[in-house]
Structure formats: C-alpha cells, structure tokens
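Here's the structure, in structure tokens; my notes come after.
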Protein chains: 2
Amino acid sequence: MGIIERRQRQKTEVRTSILQAAWEVVLTEGWQALSIRKIADAIEYSAPVIYTHFESKDAILHEFTKEGFRLLTEAITQQRDSQTDASRQLEAMAEGYWNFAFAHKEYYQLMFGLGIPACEQVKRTVEMKEFADIVHAVIQEVIRAGSQPSIDAFLKYHTYLSILHGLVSIQMTGLNETVNPWSKLVLKDAVNGFIKALDG
Amino acid sequence: MGIIERRQRQKTEVRTSILQAAWEVVLTEGWQALSIRKIADAIEYSAPVIYTHFESKDAILHEFTKEGFRLLTEAITQQRDSQTDASRQLEAMAEGYWNFAFAHKEYYQLMFGLGIPACEQVKRTVEMKEFADIVHAVIQEVIRAGSQPSIDAFLKYHTYLSILHGLVSIQMTGLNETVNPWSKLVLKDAVNGFIKALDG
DNA sequence: TAGTAAAGTTAACACCGTTATAAAAGCTAT
DNA sequence: ATAGCTTTTATAACGGTGTTAACTTTACTA
C-alpha cells in the first residue's frame, strides 16, 4: 500500500511547484508583486491549497531568505577556499558577498529587508543633496589637513556613508543578536578605522 | 474678498492634518500599517479628499523621507559645529547619524527603504548562523596571524558585515547616483582599510 | 457499493489604493 | 432672496490583497 507514500510525494510536488511559481513572480515582478492568488493561478490550484503547504505568505518569503543564506554561504565559502592567506580570504569573501548581492538581487533584498518603492525618487531631492554636501565637505577638509591629499573625497564619502548605513541597518533589522550598547562600540571601531585611513 | 485666501488657509490646514494623522499612525503602528482610509478616519473626512492634497499614498510617505533628511542634516550639522578639528567633526557626525537613526527609527526606515516584516525571524535560523560562523572563523584567523591578537573578533565580525551590507544596500536602493564599476572601488577601499586595521 | 476521510473548491470577510459619479455646500449675480 | 454656477465633499464602485469558513468533489476503505 504505497498510497500514503504517493500522497506524500504528490504533496511535496505541489509544495515545490508553489515555491517555483512564487520565485518566478519574484524574479519577473519583484517580491512586492507576489500574491497568493498569483501563485495559485500559476500552479493551477485554488488559493486556499497554498495554506495547506505554508502557514502564510510570509512563510513562503521566509523560505527564500533561508535559501538565500544558503547560497550566500556557499558563495563566500568558495571564495574563502580560493585563497590560503586569511587576509586574502577575507578580501575575497567581501568580493563574493558583493557579487552575490547583485547576482541575486531579489534574494538579497528579502534577506535584509530592503525595498520600499518610494526610495527611488529620494536621490533626486534637494534634501538628500544638502545632506550629502555637508558630509562631503567635512571629508574633504579631513583629507586636506591630512598627509595624503590625493585621496578621492567622493570615494571616501560613499565609504563613510556606507559604513554608517550598514551599521545602523544591520542593527535595526535585528539581524545581529547583540544589544545596543555593544553595537555602539562597533560604530566607534569602524569610524575610527575609517578616519585613521583618511588623515593618515 | 479674502474668500480665496481663507480657502487656501483651510486647504493647507487639512493638508497638515493629513500629515499629522499619517505620522501618528506611522509612530504607533509602523509605516506598513499606514492606509489612506485610516488617515481619512483620523481627520474625519472621506478617503478621496486626501487625493486633492496628495497625488498618492507614496507621495505622503515621500514627504516624510524629505522631512527625515532635513532632520538628519540638522543633526549632523549640529554635531559638526560641536568640534573644530575636521577629524573630530567626522567622528561626531557619525555619532549624530547613529543617534538620529535610533531616535527617529521610522524616519530612517522610510529614508532608506528598510523594513520587511519577515526579517525579524531570520536571525534565529540555522542558515544565518552558519553563514556567521564562517565569516567569524576567518576573521579570528586574521587576528591570530596578525600583530594584535587582543582584538575582539566578534566586534570585528559585526564591523565587517556592516561595512559590506552598507555598501551593497546603499548601492542597491539607488541612493547614490554613481554607477556600478565605480562603487566596486568603494568596496575595495573600505575592505582594505578594514583588513589593514585587523592584521596590523 | 455504502460510508468515510482527504483534497480542493467556492464564497466570504475585512481590508487595501484609487477613481467615477453623485450630492451637498458655498459663493455670485440678478 | 433666489436661481445658477462652482467648489468641496461623500457614496459607491473597481480591482486588488491575505486569510478562513463552509461546501463539494474525489479517493480510498470496509
């Protein structure tokens, strides 16, 4: 009596087809456009069947974030093993991380909670530009007063902002398990390192 | 005939009441929970009137991101002026940035497109932990092989990740106007600085 | 073949952003 | 003051969302 076995098999088949259909939508329309009904249409079932395989829509997305971390882990592991020196490994892993992020943009956005639609227009606002100008000016001054005047201030501006934003957003999305006072040390650590490299 | 003047005055009154009501919702329930109907309820008007003041819901949110950048600019300007030395200014601005982000969490999330609900659970998955372990191990090795073995590997792990995530997400959200090849320089710049500080 | 358990369906609930249409209110000119 | 016009506001609707209750169909068992 392989009936329950076959049933189990069919059930997992539907499950994977849900994930496949969902991922198709995410790839072509972005994860914001994913809907239960769209998945149901694609797999040629009615919408409620999806809830026999996943607790909620979030659970489906969560599945993708897990898969994303698996892929990212694979990528950086490969990068690590391409080098023997630990420092070079760290360097290579950074590049692997970067490449993964843009090769699998949708995964990355899900993994780190990125993507408000309104964000695209912000870069063109005067408010953003004013902010950028102030930071840029100070960095320029640090370079001017330092021992390496040939450093590109624009490059350093982006680096500075990225470090700050990275620290904040990783803390904010709750992706690290440490508490607040501790992570302010990380801020000081990173910024001091950055400034040291700037003013030489 | 101050009639049209009064009408203009009343119109702007409704406009600001919309923004106030909207912000109230954002503060108490998060920006995901904001809806046109909720705003309409709060200001005791029907939903369509909102569209005589704002083109769309996104336009309302966009208003807040602009306000957010104004506040952030104010904060870092104040921090800058608390110091005379440019390097110290940059340091103070970083702290100002950090404080702003967590003092005005909702603003920051809107400004940088943060906040997928599913993100909270990720930190508890094995997939995330495995990834963390690999990176942590390499950093530990770099420290061991370097000239400052007393450096905290855990702290550096967070710093490393934050730098990477910051670079990626700022690039991805399109908040900087430069193109891809250029920003890979920023990556190399930041990572090399980080590694130098690590292996001494 | 009757009865039962599983699977899958339709219909509904309570929302959402947005817009077309209709009603009410306010002002102007006779 | 009232008729007519303009502006303002509301109701109703469209097409969508996640999710669940109730019902029907299918598949299997005795």
Side-chain angles (χ1 to χ4, degrees), chain A residues 1-19 21-26 28-64 110 115-121, chain B residues 1-19 21-26 28-64 110 115-121:
Chain A
M1 292 206 186
I3 290 171
I4 43 170
E5 281 86 347
R6 192 213 56 205
R7 277 200 176 150
Q8 192 57 44
R9 210 165 52 233
Q10 285 178 334
K11 195 155 189 175
T12 60
E13 259 172 41
V14 174
R15 202 194 120 99
T16 57
S17 83
I18 288 173
L19 290 173
W23 193 241
E24 185 79 23
V25 175
V26 171
T28 53
E29 307 176 52
W31 64 263
Q32 296 96 338
L34 183 67
S35 82
I36 296 288
R37 282 174 172 86
K38 240 176 226 172
I39 298 172
D41 262 20
I43 64 173
E44 293 176 305
Y45 274 93
S46 66
V49 300
I50 293 170
Y51 290 89
T52 67
H53 299 274
F54 296 94
E55 205 185 337
S56 65
K57 185 189 167 185
D58 275 0
I60 297 175
L61 293 177
H62 188 64
E63 210 65 31
F64 292 134
L110 281 172
I116 289 185
C119 229
E120 293 286 313
Q121 316 154 339
Chain B
M1 290 204 190
I3 290 172
I4 43 169
E5 282 86 347
R6 191 213 56 202
R7 276 197 176 153
Q8 192 57 45
R9 211 166 50 231
Q10 284 177 334
K11 197 157 188 172
T12 60
E13 259 173 43
V14 174
R15 203 193 119 99
T16 57
S17 83
I18 289 173
L19 290 174
W23 193 240
E24 185 78 24
V25 175
V26 171
T28 54
E29 306 176 52
W31 64 261
Q32 298 95 338
L34 183 67
S35 82
I36 296 288
R37 283 174 169 87
K38 240 176 228 174
I39 298 172
D41 262 21
I43 64 172
E44 293 176 303
Y45 274 92
S46 69
V49 300
I50 293 171
Y51 289 89
T52 68
H53 299 274
F54 297 94
E55 205 184 336
S56 65
K57 185 187 166 184
D58 275 1
I60 297 174
L61 292 177
H62 188 65
E63 210 65 31
F64 292 134
L110 281 172
I116 289 186
C119 229
E120 293 286 311
Q121 315 155 339

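This structure is a prediction, so every number in the text was calculated from the model and none was measured.
- We find that NZ of A:Lys57 is positioned 17 Å from C1' of D:dT20, with the value rounded to whole Å.
- With values rounded to the nearest 0.5 angstrom, B:Leu61 atom CG is found 10.5 Å from B:Phe54 atom CZ.
- For the pair B:Ile39/B:Ile60, a side-chain contact is recorded, criterion being any heavy-atom separation below 4.5 Å from C-beta on.
- At whole-Å resolution of the value, CG in B:Leu34 and P in C:dC16 are 10 Å apart.
- At a cut-off of 3.5 angstrom, counting only N and O atoms as typed in the model, there is no donor on one side facing an acceptor on the other between the side-chain of A:Arg37 and the base of D:dG16.
- The side-chain contact (heavy atoms from CB on, under 4.5 Å) test applied to B:Glu29 returns B:Val25, B:Ala33, B:Lys38, not counting sequence neighbours.
- Side chain of A:Tyr45, nearest nucleotide from C:dG8, D:dC28, C:dC16: C:dG8.
- For the residue pair A:Leu19 and A:Phe64, the shortest heavy atom distance occurs at O-CZ, 3.5 Å.
- Atoms CD1 (A:Ile43) and P (C:dA7) sit 15 Å apart, rounded to a whole Å.
- You'll find the side chain of A:His62 stays beyond 4.5 Å of the side chain of A:Glu55, heavy atoms only.
- Around the CD atom of A:Gln10, the shell of radius 6.0 Å holds more than 12 heavy atoms that belong to other residues, nucleotides or ligands.
- Atom CD of A:Glu29 is separated from atom C1' of D:dG16 by 13 Å (rounded to the nearest Å).
- D:dT26 atom P lies 14 Å from atom CZ of A:Arg7, rounded to whole Å.
- If you take CD1 of B:Ile39 and C1' of C:dC15, they are 15 Å apart, rounded to a whole angstrom.
- Atom NZ of B:Lys11 is separated from atom C1' of C:dG26 by 15 Å (rounded to the nearest Å).
- Spacing between atom CG of B:Asp41 and atom C1' of C:dC15 amounts to 12 Å, rounded to whole angstrom units.
- Relative to the side chain of B:Ile36, the nucleotides D:dT19, D:dA27, C:dG17 differ in distance, and C:dG17 lies closest.
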Go through the steps for B:Ile36 and B:Tyr51 under the test side chain to side chain contact (heavy atoms under 4.5 Å, CB included), then give the verdict.
-> CA-CA 9 Å; B:Ile36 296 288; B:Tyr51 289 89; 3.7 Å; yes

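- Remark: A:Ser46, A:Pro48, A:Val49 in residues 46-56 of chain A come within less than 4.0 Å of DNA chain C through at least one heavy atom.
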